[in-house]
Amino acid sequence: MPTPSVPSDPILDRLASSDCEVKFKAIREVKNHIIGNRTKKLSYIKLGAVPAVAAALSDCDPNLIVQSAAALGSFACGVDAGVRAVLDAGAFPRLIGLLSAPDEKVVDAAARSLRMIYQSKLAPNYEFFQEKNMQFLLSLLKSENENLTGLGAGIVIHSCKTIEEQNMLCDAGVLEKLASLLHGSLSQRDASLESLAAIIRNNPAAVSKFVELHSGRALCSVTELAKDRYPRTRLLACLCLISVKNSSSCDLQDTEIKTELVYILLELLDDSGQVGDEAAFAFSSLIAEKEDLQKLAFEANAINKFNCLLRKCPVHPKRLEGIFLALADICSKLECCRSSFLSLQVLNLVVDALTHEDANVRTAACICLRSVSRSIKNLSAGRFMNERVVVPLVQLLSDLSTSVQVAALGAISNIVVDFMPHKSTFIQCGGIKELVQLTKSMDSSLRLNAVWALRNMVFLADKMCKEGIFVELTASSMASLINDPEPSIQEQALALVRNFVDGCVYSVEHAFAEDGIVLDAVGRQLQKSSKIEIGIQGLYVLSNIASGNEIHKEAVMQLLFPQDENGCCTFFEQFLKSNDSRIRTAAVWVVVNLTFPASPGAFSRIVNLRSFGIVYRIKKMVNDSCMDVKLRARLALGQIITFGDS
Amino acid sequence: MSLFWLVIRQLAEIEAMAASKKVITREEWEKKLNDVKIRKEDMNRLVMNFLVTEGYVEVAEKFRMESGTEPDIDLATITDRMAVKKAVQSGNVEDAIEKVNDLNPEILDTNPQLFFHLQQQRLIELIRNGKVEEALEFAQEELAPRGEENQSFLEELERTVALLAFEDVSNCPVGELLDISQRLKTASEVNAAILTSQSHEKDPKLPSLLKMLIWAQNQLDEKAAYPRINDLSSAILEDPTV
């Protein structure tokens, strides 16, 4: 790369010259050098030209101010270092002040520059809750000057993030002002659509206000604009409509509009620029979690379209990311979509992207893989458990970006489920070591997903596999995961233990390693019983252990009814009395396994259970409202009665 | 656009009547056309839109005074826009860039493709004037970084630099870059970008109306024989061939 050159003449001196003519020429020269030219912007910023240019904003010559504002705007355009430099030079408040200058050219130049600054995340947050700020914003939005209305919209787009801010803007009448801009010039329409989308996003109250605005005419205008001839306008209108659709139950629910949105967005993907890139993200938000829309997308041949787009080389990283996310959403629920995805060989493209240099692309590829690997049919065919897929995925477990690691864990969680013969591929490439390492991460989302992946890995695994994982993980780490500060991790850790102790007697032994440290931890979590899901997993751990031999069953009895407890009302009885039928089912399962008649100690256990009031409780459950509970309770009672009912 | 839609409605009515290919005589046709009412102001606005978009600023000014039609854009900006266009057309690209930046600094900052094409045109002009060393330096400093940012720019840059490799550029495979048509292409791209930045359509309405007229006639040809307009410049109705 050639080193960008800055003119050798001392430009800084000329920028600071006391001769107005010299200064004017110098600023204009800098401006003309940097506009459109990223490399020049960076080198002038490095040279320290920004403060010198900003100083001219305080000049009294309007021509000088206009040049200075224009140059500052260009520094801030598309270059974060430029925005920072402009802010650091103190130009921001000065530019705001210039908005009320008498000279219209100065106002235009200042407004343009501020708009550029507001396009960056680095711009200071606009505090809507201050009354004078809100009044100022409204005055911008109702101005005749297009640059001022554009700035007003830019402020909304930049700073309206929270529900409170959205509601504040609605209450102040900003929606009305923006709606009237929908009939303005090209740039006003786009700015208005984008700000409207920012105000109504994920906010049902704001959506209904917008839908009712001018008795529905504003919504009609937006619907019309979704068919506008300008691609950007169509995209922005679609974003508004998606927000409306996603947060209201009655409006826009008819299939016609949904289908239309699907087709408009698919067509926008053909745009080779930013609009095409963003269309993929919009498409993803349109169909996410919505099975009916995923079906519509499938019928509109969306997967094939994405496939074709991916095969055009080279694809911009932003677009790759968007397309993978959209594909992840299409394939998240429907098997027909996954089949089509696989038969079109899109999987190869996704796997290639696992090693892409852009972290967002790697993350999106993992999310896509996770979604496709929900296909039981293809999982059991071992379609994903091969070196080509697994090796890069395991490598991503040590990626520098946490979001990549989490996404990779998500994909691995699905791929390792069930289907024994294939697990060896994963073990051979060091996957277990990586997963175990991540269960010790400082980042809770990494710990959570790593435990989750291990849980799925252990599900129905053979002896070899379980042993391998157990040796790597150790009983003491398993115990500390059960006691993790995060409840969601406690739950997954218990589920992991549940899968470990599932199956033959040797499996149950895992709970007794290191003096039963795991079983103790399970017992403590159950006594605390802070969350229903934790209770369920804990009870199934006990239920699985109680299916083991006499020693195992007695250990469960010991845990449920410790010697020192006075026996009036045990925590186990609380589970049997729970309002949640899943808890009751799990608890009755424990009793069923403890009272299995063929085992020699069954009778003495029944005597104990009776003395703690458990048999009495079970009798009350034979007519439980939940069918599962009812059947298990009858099974348990049947076993108990074989030893006589007293 | 009312003129067009009225004509279309007439055509549609005729179409509805024609079960097989119907013949419409000149009298019938002219009578039907006479029933179509066109507002004078609409005509004037179409003319004004054409003059303004094409940049005939003096004519537009006269037309405004004589017809009382207000242009939909500030006439002063047309002068500026034409000055930019003219600068590109006569090869003064640097001058053109400065003028665009004075007009609105956002245009070239937010339109990398246009910016690249202007820089490319600058390079072409340097090569045309035989300033080989300057051209190479310019290509390396100004254009190469853009090529790194965008693959298609890189390809265009390579094509342009290839001009330097030929003794007789008028006869080389990339010689068309030196044509006047290349300047006109760049000039019209700048023109369109300025118009868009002013929220103005980049094409005049009149040509699209005529396109629609031709399209409508083609549609009607399948259903009817009627006095057709074949020469757009004279707009003479020609008798149907039966």
Side-chain angles (χ1 to χ4, degrees), chain A residues 1-7 28-43 63 66-79 82 105 108-109 111-113 115-116 119 146-147 149-150 184-191 229-230 232 272-274 313-316, chain B residues 72-74 76-77 80 93-120 122 136-155 157 190 192-193 195-203 205 208:
Chain A
M1 184 176 155
T3 40
S5 82
V6 163
R28 189 159 180 267
E29 183 183 314
V30 170
K31 180 193 81 176
N32 284 324
H33 273 150
I34 62 172
I35 286 181
N37 195 328
R38 200 185 148 80
T39 22
K40 285 262 169 71
K41 285 182 197 185
L42 291 170
S43 59
N63 291 324
V66 168
Q67 291 301 323
S68 162
L72 293 172
S74 179
F75 274 120
C77 177
V79 181
K105 276 195 170 147
D108 280 337
R112 278 198 188 116
S113 291
R115 218 174 54 219
M116 290 295 176
Q119 274 172 11
E146 231 174 90
N147 284 311
T149 50
S185 70
L186 187 66
S187 68
Q188 284 177 323
R189 276 174 3 190
D190 285 3
R229 47 188 292 215
Y230 290 96
R232 176 139 195 93
S272 58
Q274 214 188 345
C313 281
V315 189
H316 191 269
Chain B
D72 51 2
I73 197 167
D74 181 3
T77 65
D80 296 333
V93 187
E94 199 173 351
D95 184 36
I97 291 177
E98 288 180 11
K99 285 193 160 77
V100 178
N101 289 345
D102 280 337
L103 208 54
N104 181 347
E106 263 178 83
I107 297 175
L108 296 183
D109 240 342
T110 53
N111 198 336
Q113 178 156 332
L114 174 63
F115 182 70
F116 176 81
H117 284 152
L118 280 168
Q119 298 286 60
Q120 181 192 27
R122 251 175 103 175
L136 276 174
E137 197 184 334
F138 181 76
Q140 200 168 18
E141 266 193 25
E142 300 285 336
L143 286 163
R146 307 287 86 74
E148 279 176 20
E149 291 160 13
N150 185 315
Q151 179 67 29
S152 66
F153 291 173
L154 187 63
E155 283 159 23
L157 174 58
V190 188
L195 279 169
T196 307
S197 78
Q198 293 165 341
S199 284
H200 197 280
E201 304 267 342
K202 60 183 197 298
D203 300 309
K205 309 269 190 202
S208 15

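Order of the sequence lines fixes the chain letters, A, B, ..., with proteins taken first and strands second; residue numbering starts at 1 for each chain. Computation of the quantities below employed the complete heavy-atom set of this structure, encompassing side-chain atoms and omitting hydrogens, waters and symmetry-equivalent molecules.
Between chain B and the options A:R189, A:R112, A:Q67, heavy-atom pairs under 4.5 Å are most frequent for A:R112. The choice from A:N32, A:L186, A:V66 that makes the most heavy-atom pairs within less than 4.5 Å of chain B is A:N32. In terms of heavy-atom pairs under 4.5 angstrom with chain A, the leader among B:E201, B:E149, B:Q113, B:R146 is B:R146.
Neither the backbone nor the side chain of A:Q188 comes within less than 4.5 Å of any heavy atom in chain B. Both the backbone and the side chain of B:D102 have a heavy atom closer than 4.5 Å to some heavy atom of chain A. The contact between A:R115 and chain B is made entirely by side chain atoms (from C-beta outward), counting heavy-atom distances below 4.5 Å.
Between the side chains of B:N101 and A:R28, not a single donor N or O lies within less than 3.5 Å of an accepting N or O.
Checked against A:L42 for a side-chain contact (heavy atoms from CB on, under 4.5 Å), the options A:N37, A:V79, A:I34 give a single hit: A:V79.
Within the 4.5 Å cutoff, the side chain of A:C77 has heavy atoms near those of the A:K41 side chain. Inter-residue side-chain proximity for B:T110 and A:M116 is flagged as met; some heavy-atom pair is nearer than 4.5 Å.
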Requested in this report: Evaluate the side-chain contact (heavy atoms from CB on, under 4.5 Å) criterion for residues B:Q119 and B:F138: first the C-alpha distance (whole Å), next the side-chain angles of each, then the deciding distance (0.1 Å), finally the verdict.
Outcome: CA-CA 9 Å; B:Q119 298 286 60; B:F138 181 76; 3.6 Å; yes
